[in-house]
Amino acid sequence: MAKMRGAIVVDTERCKGCEVCLVNCPSDTIGMSKEVNGKGYHYAFMKDPESCTGCANCAIVCPDGVITVYRVKA
Amino acid sequence: MGELRLMKGNEAIAEAAILAGVDAYFGYPITPQSEVLEYLTLQRPEERTGMVVLQAESEIAAINMVYGAAGTGKKVMTSSSSPGISLKQEGISYIAGAELPCLIVNVVRGGPGLGTIQPSQADYFQSTKGGGHGDYRLIVLAPASVQEMADFVDKGLELAFKYRNPALILSDGLIGQMMEKVEFPEQKERVTSFDQSWVTTGKTKERERNIITSLNLDPEKQYQHNLKLQEKYRRMKEDIMYETFDCDDAEFLLVAYGSSARICQKAVDEARSSGKKLGLLRPITLFPFPEEVIAKFARQVKGILSVELNAGQMVEDVKLAVNGRIPVYHYGTPGGKIFTPDDILKAIDEKLMGGY
Amino acid sequence: MDIKEIIKPENLVHKRTPLMTDANLSYCPGCGHGTVHHLIMEVVEELDIQQDTIGIAPVGCSVLAYDFMDIDMTQAAHGRAPAVATGIKRLWPEKYVFTYQGDGDLAAIGTAETIHACNRGENIAIFFINNGIYGMTGGQMAPTTLEGMKSSTTPYGRDYKTMGHPIKITELVAQLPGTSFVTRQAVHKPGNVRKTKKAIRKAFEVQKEKMGVAFIEIVSNCNSGWKMTPNDSNKWMEENMFPFYPLGDIKVEGKIVKDLMKDLV
């Protein structure tokens, strides 16, 4: 089976920094930003983009629907 | 016109609802209005017009079914009696706040509390001043005959839709239970297709979503919403209804509505036969209240007696309309006891004409 | 491979459903309400039934659900959503009608409406978010608050001797002949989210068959009310809520599929 490569795009202004995506990421791709957004939240970002498989687990558990997921066969 | 029938007031309301093309009735049994629901279920309205009739688990559920259905633009109604109407007040407040049309019937019984099942007019305040929480009003129609019980179903719904506001038929156990001849109109079509831009029937691609709510957390918006409601209530004045009897040369005036007005009519007849110049004003809409008519009478008559089956409720509105110009008295029997024409004549002599 | 080569429209696998409005969700960070909102709207989008769907918002944290879901909605008085839904569905039997309610709304003040809508077999879906607490008013005891659980009105823990027992309303409604599909799910983990979405989809689909109420309980967190971080609250939920409110289907196609007595006692 071909290896999957993925990427996420976080709507950083909508992100509330709850970190539910982070613990549900199987590839430890997601980290929380040092900076804060307009609402004062540390938002999610890909700290290790190479590891993302585009499984979308982060996106489907995100209560605020801020994560868009892309995936390709590498 | 349609056929003439002998019926109870409660049955007349139910038959009129089917004939008026009402889409749904949601109710709960309570004496003295249970015949409305009984008559409706007996008539198989689902076959006659497709009307939905449902016995709810409580008055609270019934009024909230009305709220939901009214939000879809349908003609819906409920009925109950005093304690049940009290239970409905939260829902009525929501309906008024969300500006939905519907018809509510209160066949009033004596209170407070569980009270009695005898007729009463003790729910005047509750009906005309809002009833639930918040600054709102209902359109209140007070029938004095079985014929009017029937007629006011269509009239009430017409006004409810005109103003997008709940309308209330304020009847009582006397009008609800007594039998009279009543003439019904032809069957109106139950209109199921319509164009109403505000209803919640599913958001189409062509329009924004519709929301039925009475919630507005922004105080400025809530304030503006309230101003709009008050403006609407003022506009309702154009639909004031009342009747006068023997008023042209009257020196004294009775003001009475519904069943009281019927008893007063007899009292006026008897007073006239003994040479007393007595007249009767019968408000038909209790909200909007015919205050300007009463103010006009305050320049004509020497005194007014407000005759009510309660401890004195409408008398306050009469006094406001008269604004101190002439004496205004109350005569009434609270708690479900009915006065006779003689009782009224005695009160006229003692109170109204006592000083003359 | 460069990230830019991955982030292309043709590689899209998940995006926010357009049936959620642009309004920012009023829920606390990490609250399961948002997840369930998205799932309901995703299902409405996939079934292409926006033009035939009417939702009922409750009183509680989700009172403003109508700000977030791009469908026609009615906001109901506290606990009355099933009655409001009944009024709509009886007049529009071909539409899809659902209520969205919390535990206080559905299992305390609205118990009568819940039980009787279920018993009449109204063809509606009831989405019930159980987080064991009154969130909006500041974390008071709910009918579903666990024994010993602290809340702002059970500051020393819920004592059933004076405060009553937590109620398993879902097991109760499953016993009524008017319910067709009764299940308890969660949305804190991807696997749970997928199962919940399936359940929500089924809740809409059974309305077409007019088999009665589809009742979907979602055991969820209230990290603010429970005074924990979102992830800690989800862990606490697994350890404490799930043993008392076990996940899984209870009734499918009108047949009870679980040993209810085992769960009830």
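Letters A, B, ... are given to chains in the order of the sequence lines, protein chains preceding strands, and every chain is numbered from 1.
- The two residues C/C31 and A/P63 make their nearest non-hydrogen contact at O-CB, 3.2 Å.
- Distance check, rounded to the nearest 0.5 Å: NZ of A/K73 to CG of C/N11 gives 11.5 Å.
- At a 4.5 Å heavy-atom cutoff, the contact between C/H188 and chain A is made by backbone atoms alone.
- Contact of A/L22 with chain C is not made at all, since no heavy-atom distance falls under 4.5 Å.
- Shown here is C/K208, whose NZ atom has no more than 12 heavy atoms of other residues, nucleotides or ligands within 6.0 Å.
- The side chain to side chain contact (heavy atoms under 4.5 Å, CB included) test with C/I7 is passed by exactly one of A/I8, A/V72, A/V9: A/V9.
- Residues A/Y41 and C/P29 have side chains in contact (heavy-atom distance under 4.5 Å, counting atoms from C-beta outward).
- With a threshold of 4.5 angstrom between heavy atoms, A/C52 does not approach chain C through any atom at all.
- Using a 4.5 Å cut-off between heavy atoms, C/N223 makes no contact with chain A at all.
- Within the 4.5 Å cutoff, the side chain of A/V61 has no heavy atoms near those of the C/T35 side chain.
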Practice prompt. Could you go through the side-chain contact (heavy atoms from CB on, under 4.5 Å) check for A/V20 and C/N231 one step at a time?
Written response: CA-CA 6 Å; A/V20 173; C/N231 283 323; 3.8 Å; yes
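- No part of C/M20 comes within reach of chain A, as not one of its non-hydrogen atoms sits under 4.5 angstrom from that chain.
- When every heavy atom of A/P49 is checked against every heavy atom of C/I3, the shortest pair comes out as CB-CD1, 3.5 Å.
- Contact count versus chain A (heavy atoms, under 4.5 Å) is highest, among C/H33, C/E42, C/K189, for C/K189.
- Contacts between C/K197 and chain A at a heavy-atom distance below 4.5 Å are absent for every atom of the residue.
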Discussion item. Between C/H14 and A/N57, is the side-chain contact (heavy atoms from CB on, under 4.5 Å) condition met? List the steps.
Written reply: CA-CA 10 Å; C/H14 186 98; A/N57 278 0; over 6 Å; no
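- Proximity to chain A (any heavy atom under 4.5 Å) is restricted, for C/V193, to the side chain, taken from C-beta onward.
- Interface remark: C/D22 contributes backbone and side-chain atoms alike to the contact with chain A (heavy atom separation under 4.5 Å).
- Interface check for chain C: of the options A/G6, A/A74, A/A56, the most heavy-atom pairs under 4.5 Å are formed by A/G6.
- The backbone N or O of A/D64 sits less than 3.5 Å from a side-chain atom of C/R16, completing a donor-acceptor pair.
- With rounding to the nearest 0.5 angstrom, the CE atom of C/M1 is 10.5 Å from the CD atom of A/E50.
- Screening A/K16, A/E13, A/K39 for a side chain to side chain contact (heavy atoms under 4.5 Å, CB included) involving C/N24 leaves a single residue, A/K39.
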